[in-house]
Trainee: 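Following this message is one structure expressed as structure tokens.
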Number of protein chains: 4
Amino acid sequence: MSVASVTPTYVTVSFVMTTEIGRPRDRGIGDAVLRATVELLAECSYADLSVDTIAARAGTSKPAIYRRWRGKAHLVHEAVFPRTATTELPDTGSLEGDVREMLRRTLMVLSTPAALAALPGLVGEMASDPTLHTALLERFGDVLVGALTDYVDAAAQRGDIRPGITAADLAEAVAGMTFLALLTRGALLDETWTERTARLITKGISP
Amino acid sequence: MSVASVTPTYVTVSFVMTTEIGRPRDRGIGDAVLRATVELLAECSYADLSVDTIAARAGTSKPAIYRRWRGKAHLVHEAVFPRTATTELPDTGSLEGDVREMLRRTLMVLSTPAALAALPGLVGEMASDPTLHTALLERFGDVLVGALTDYVDAAAQRGDIRPGITAADLAEAVAGMTFLALLTRGALLDETWTERTARLITKGISP
Amino acid sequence: MSVASVTPTYVTVSFVMTTEIGRPRDRGIGDAVLRATVELLAECSYADLSVDTIAARAGTSKPAIYRRWRGKAHLVHEAVFPRTATTELPDTGSLEGDVREMLRRTLMVLSTPAALAALPGLVGEMASDPTLHTALLERFGDVLVGALTDYVDAAAQRGDIRPGITAADLAEAVAGMTFLALLTRGALLDETWTERTARLITKGISP
Amino acid sequence: MSVASVTPTYVTVSFVMTTEIGRPRDRGIGDAVLRATVELLAECSYADLSVDTIAARAGTSKPAIYRRWRGKAHLVHEAVFPRTATTELPDTGSLEGDVREMLRRTLMVLSTPAALAALPGLVGEMASDPTLHTALLERFGDVLVGALTDYVDAAAQRGDIRPGITAADLAEAVAGMTFLALLTRGALLDETWTERTARLITKGISP
DNA sequence: GCTTAAACGAGACGGTACGTCACGTCTTCTA
DNA sequence: TAGAAGACGTGACGTACCGTCTCGTTTAAGC
């Protein structure tokens with residue numbers, strides 16, 4: 001008996017080459033559940049979202065969901081921040097243009113109805129669920145910090161960014177200010193905000 | 001019969017000159033409940049905190065709590081961010097010193113065990129409870145933005161801050177970066193972080 | 001300090017000649033409360049009747065009620081079965097006529113909207129409250145059994161009732177059958193029922 | 001989706017040939033709950049009996065109970081008057097012997113510690129809960145009146161009972177007098193009482 | 001074609017907390 | 001001291017959702 005059949009294999013371990021005996025999982029169910037989650041998050045808050053409702057909307061059942069995800073938080077996390085998110089770095093020619101582009105992309109991801117509804121809830125559950133904490137930071141790191149390291153290094157060597165500034169600093173500034181602005185101003189962040197904030201950050205990291 | 005006796009008054013609007021008929025609320029109960037809440041939040045997460053437990057620890061009862069607060073979230077909010085918070089502005093002589101002081105104070109408030117445990121939960125409930133959203137922003141605005149306006153104006157006139165930067169911008173930068181850093185790095189923000197971040201923000205808002 | 005001021009004096013001990021210092025009780029309040037109770041019992045069941053509601057309807061307050069009665073059950077008991085009930089015995093000339101009259105009177109008392117609503121509730125509380133048990137039986141005994149003793153004795157001596165039949169037997173038959181009929185048939189007991197039941201009881205106690 | 005899965009089925013209508021999808025109810029839980037209820041009713045009154053306590057004693061949870069019964073009253077009703085009650089008619093050879101036997105059986109059922117504790121409470125809740133009213137009368141009717149109809153008919157044809165007397169009359173007399181005697185005399189009804197009452201009823205229904 | 005093993009839907013399960021309600025008492029102010 | 005008003009502790013109510021489990025059924029892969 002393989003370990004995979006004892007410890008349920010969540011989506012992240014797809015590279016394990018188990019013999020895959022028995023009835024294979026219906027590929028469509030996972031997608032339907034993720035779609036239903038996003039839909040429902042556009043209609044109600046994270047707290048008001050129940051797994052039963054998701055299952056019903058997706059036309060499936062609760063066990064099928066818990067076979068795929070560790071819990072509600074993990075499901076929502078994957079639904080709102082899919083792994084497919086590209087991490088291509090911006091290249092507008094100027095530092096401020098790039099920062100502006102980063103802000104725009106961050107804002108685009110976070111101001112989705114689903115993200116707006118989910119983020120606070122996910123943040124709330126991070127405290128009690130270390131697994132989720134890791135998962136969220138991992139995604140955050142992958143998307144932003146990871147690819148950013150090279151960018152920051154290059155910019156530093158060009159002299160556009162003063163030494164000492166790390167990728168984490170930049171990511172923190174971009175994500176932190178976007179997040180708080182969304183919380184306080186409520187998803188209504190226009191181009192003006194992006195420009196003003198980009199200017200602030202760019203000046204902040206310049207030599 | 002006054003309206004106040006029908007719709008329970010959660011937040012005492014002290015300027016209303018009601019005759020205050022009937023047995024007055026035991027002032028000590030509210031305090032004991034707030035104290036108990038802060039204590040318990042140092043021991044468990046927001047989600048694991050139950051109203052029953054708070055009541056028991058405070059030596060009172062659930063109805064007594066629900067007479068005073070609309071729900072768990074509101075109680076926690078008031079316990080963690082009391083109205084008594086002073087908003088005195090820093091005055092170190094230099095802009096960067098002041099920003100550093102703002103970061104330090106924000107960090108001090110947010111890195112309390114109680115705040116660390118409560119914040120994610122509160123943010124999570126903001127989505128479903130507009131009342132709480134208002135209350136939280138109001139406190140945030142009172143404490144930070146409100147008093148900051150004069151500071152930013154003065155600094156702008158002195159030429160320390162470039163025109164166009166608002167108090168909200170500064171507050172957003174300070175709170176946003178602190179919040180995100182706490183989430184990602186987990187309460188372990190040393191003096192180095194404060195200095196680095198202060199430098200970033202200061203440069204960002206300078207002319 | 002008289003004992004009466006320590007142990008509150010409920011209605012039953014009115015013959016105690018206390019000095020009655022302080023503000024005398026408002027005589028009208030008791031009546032208003034009793035009236036309100038009867039009214040409300042015509043609109044809802046005993047369980048759905050709250051002391052707060054009674055106080056509001058009577059235009060008084062809860063403490064004023066608890067100063068007069070030991071609790072809800074005692075109040076309802078007195079409201080539904082007032083002490084003023086006369087116990088005059090029937091005298092129709094025939095035993096069967098007399099029994100029929102007893103049934104009619106019992107039915108009249110018990111089929112009041114208030115009585116119908118209150119009786120089950122009172123019976124329910126008898127179990128846990130011995131005081132109420134005593135009070136209810138006392139009233140029952142006063143009204144029915146007490147006066148009945150002489151009647152049964154006389155009838156026995158006339159030869160209308162066979163020896164061995166006691167007043168309690170007769171009362172039990174009359175009240176028991178009426179009570180159960182009310183419970184099962186629900187207050188719709190016509191004259192036919194009265195006659196049939198009177199015939200049964202009369203034959204049952206005849207020589 | 002069948003209607004049965006929407007409206008919870010409290011009383012199993014066993015003749016309906018549903019496919020019984022989903023996890024079947026644990027048969028043992030229902031039994032344990034009923035047993036616990038009877039046990040607890042021997043120790044405290046109906047009013048002092050809480051669903052939480054029952055759940056704890058039965059080793060199960062409150063939701064599991066509310067899945068099976070509409071509320072406390074219905075649960076107690078079924079616990080105290082199980083559907084298994086036999087309705088075999090007595091056959092002692094004489095009318096008076098049969099009536100005496102009916103009284104004895106009624107008394108046996110009603111003077112159980114559980115029944116004594118529960119009956120008043122149930123009667124009390126009948127008023128506010130029509131469903132319970134129906135359920136109680138149904139059981140009463142099933143057990144007593146139903147089977148009695150044939151008996152009364154046969155006795156009437158033999159000339160033992162005068163025409164006009166119905167099964168309901170007889171049931172009313174037996175149950176009513178027993179019930180009231182229990183209420184007033186408190187469970188201490190000896191054989192003498194049974195005999196005296198049997199004689200009264202027998203004479204009452206004889207030609 | 002038959003076996004095997006897992007996925008599937010449905011829904012019951014234990015657990016835990018929620019927010020509400022009523023009781024009967026206590027505390028304040030006013031008359 | 002009575003009275004009105006209303007807060008208090010107590011304790012139960014019935015509901016909701018979590019994540020797990022147990023059924024009977026379905027589906028693919030492998031012998």
Side-chain angles (χ1 to χ4, degrees), chain A residues 1 4-5 8 19-26 29 47-53 55-56 59-73, chain B residues 1-2 5 8 19-26 29 47-53 55 59-72, chain C residues 5 20-26 29 47-53 55-56 59-73, chain D residues 1-2 4-5 8 19-26 29 47-53 55 59-68 70-72:
Chain A
M1 191 182 289
S5 70
T19 324
E20 297 289 3
I21 50 180
R23 174 176 175 178
R25 284 194 188 154
D26 185 338
I29 289 183
D48 297 339
L49 182 69
S50 89
V51 179
D52 278 296
T53 314
T60 182
S61 63
K62 223 166 20 158
I65 290 181
Y66 280 98
R67 222 171 279 126
R68 287 166 172 77
W69 292 279
R70 200 186 288 278
K72 187 170 92 165
Chain B
M1 193 182 289
S2 79
S5 69
T19 322
E20 294 291 1
I21 50 181
R23 176 176 177 175
R25 287 197 184 149
D26 186 338
I29 289 181
D48 296 339
L49 182 69
S50 88
V51 179
D52 275 299
T53 314
T60 182
S61 62
K62 215 164 24 159
I65 290 182
Y66 280 100
R67 249 189 298 275
R68 288 168 171 75
W69 292 280
R70 202 185 288 278
K72 190 170 86 166
Chain C
S5 70
E20 297 290 3
I21 51 180
R23 174 174 172 180
R25 282 189 189 161
D26 185 339
I29 289 181
D48 297 338
L49 182 70
S50 89
V51 179
D52 280 296
T53 314
T60 182
S61 62
K62 223 167 18 160
I65 290 181
Y66 280 98
R67 222 171 280 126
R68 289 168 170 77
W69 292 278
R70 199 185 290 276
K72 188 170 92 166
Chain D
M1 193 183 290
S2 80
S5 70
T19 322
E20 295 289 2
I21 50 180
R23 176 176 177 174
R25 288 201 182 145
D26 186 338
I29 289 182
D48 297 339
L49 183 69
S50 87
V51 180
D52 275 301
T53 314
T60 183
S61 62
K62 212 163 29 159
I65 291 182
Y66 280 100
R67 254 189 293 276
R68 289 169 169 75
R70 201 184 290 277
K72 190 171 85 165

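Within every chain, numbering begins at 1; the chains are lettered A, B, ... in the order of the sequence lines, protein sequences first and strands thereafter.
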Trainee: Provide the closest heavy-atom pair for B:Ala55 versus B:Ser61 in the form atom of the first, atom of the second, distance.
Mentor: CB-C, 3.8 Å

Trainee: For the side chain of D:Pro63, starting at C-beta, report the closest nucleotide among E:dC8, E:dG15, F:dC18.
Mentor: E:dG15

Trainee: Rounded to whole Å, please give me the gap between CG in A:Asp52 and P in F:dT15.
Mentor: 16 Å

Trainee: E:dC8, E:dC18, F:dC23: which one has an atom nearest the side-chain heavy atoms of D:Pro24?
Mentor: F:dC23

Trainee: For B:Ala47 and C:Asp48, take the nucleotide of DNA chain E holding the closest heavy atom to each; which residue's nucleotide lies nearer the 5' end?
Mentor: B:Ala47

Trainee: I need the CD1-C1' distance between C:Ile65 and F:dA4, as an integer number of Å.
Mentor: 12 Å

Trainee: As a test of reading the structure: which of F:dG9, F:dC13, E:dC8 is closest to the side chain of D:Lys72, going by heavy atoms?
Mentor: F:dC13

Trainee: F:dT15 P sits how many Å from D:Arg70 CZ, rounded?
Mentor: 11 Å

Trainee: Would you please confirm or rule out a distance under 4.0 Å between OP1 or OP2 of E:dA5 and any side-chain N or O of A:Arg25?
Mentor: no

Trainee: What is the distance, to the nearest angstrom, from the OH atom on A:Tyr66 to the C1' atom on E:dC8?
Mentor: 17 Å

Trainee: With the side chain of C:Ser61 defined as its heavy atoms from C-beta on, choose the nearest nucleotide among E:dG9, F:dA5, F:dG9.
Mentor: F:dA5

Trainee: Could you tell me the separation between the NZ atom of C:Lys62 and the OG atom of C:Ser50, rounded to the nearest 0.5 Å?
Mentor: 8.0 Å

Trainee: Identify which nucleotide among E:dC13, E:dA10, E:dA5 has an atom closest to any side-chain atom of A:Ile21, counting heavy atoms from C-beta outward.
Mentor: E:dA5

Trainee: Pick the closest DNA chain F nucleotide for D:Leu49 and for A:Leu49 by heavy atoms, then say which residue is nearer the 5' end.
Mentor: D:Leu49

Trainee: Using modelled atom types only, decide if a donor and an acceptor are shared between the side chain of B:Arg68 and the backbone of B:Arg25 within a distance under 3.5 Å.
Mentor: no

Trainee: When you measure from the side chain of D:Val51, which nucleotide among F:dG14, E:dG19, E:dC23 comes out closest?
Mentor: F:dG14

Trainee: Ignoring hydrogens and angles, are the base of E:dG11 and the side chain of A:Lys62 linked by a donor-acceptor pair under 3.5 Å?
Mentor: no

Trainee: A:Ile29 CD1 to E:dA10 C1': how many Å, rounded?
Mentor: 13 Å

Trainee: Quick one: is A:Thr60 getting a side-chain N or O under 4.0 Å of the E:dG9 phosphate, OP1 or OP2?
Mentor: yes

Trainee: Measure from the side chain of B:Ser50, starting at C-beta and using heavy atoms only, and say which of F:dA4, E:dA17, F:dC17 lies closest.
Mentor: E:dA17

Trainee: Please give, in whole Å, the distance from F:dC17 C1' to D:Arg67 CZ?
Mentor: 12 Å

Trainee: Of the options F:dA5, E:dA7, F:dG19, whose atoms approach the side-chain atoms of A:Arg68 most closely?
Mentor: E:dA7

Trainee: In whole Å, I'd like the distance from the CG atom of B:Asp26 to the P atom of F:dG9.
Mentor: 8 Å

Trainee: Examine the base of E:dC26 for any acceptor or donor lying under 3.5 Å from a partner atom in the side chain of B:Arg23, and report the outcome as yes or no.
Mentor: yes

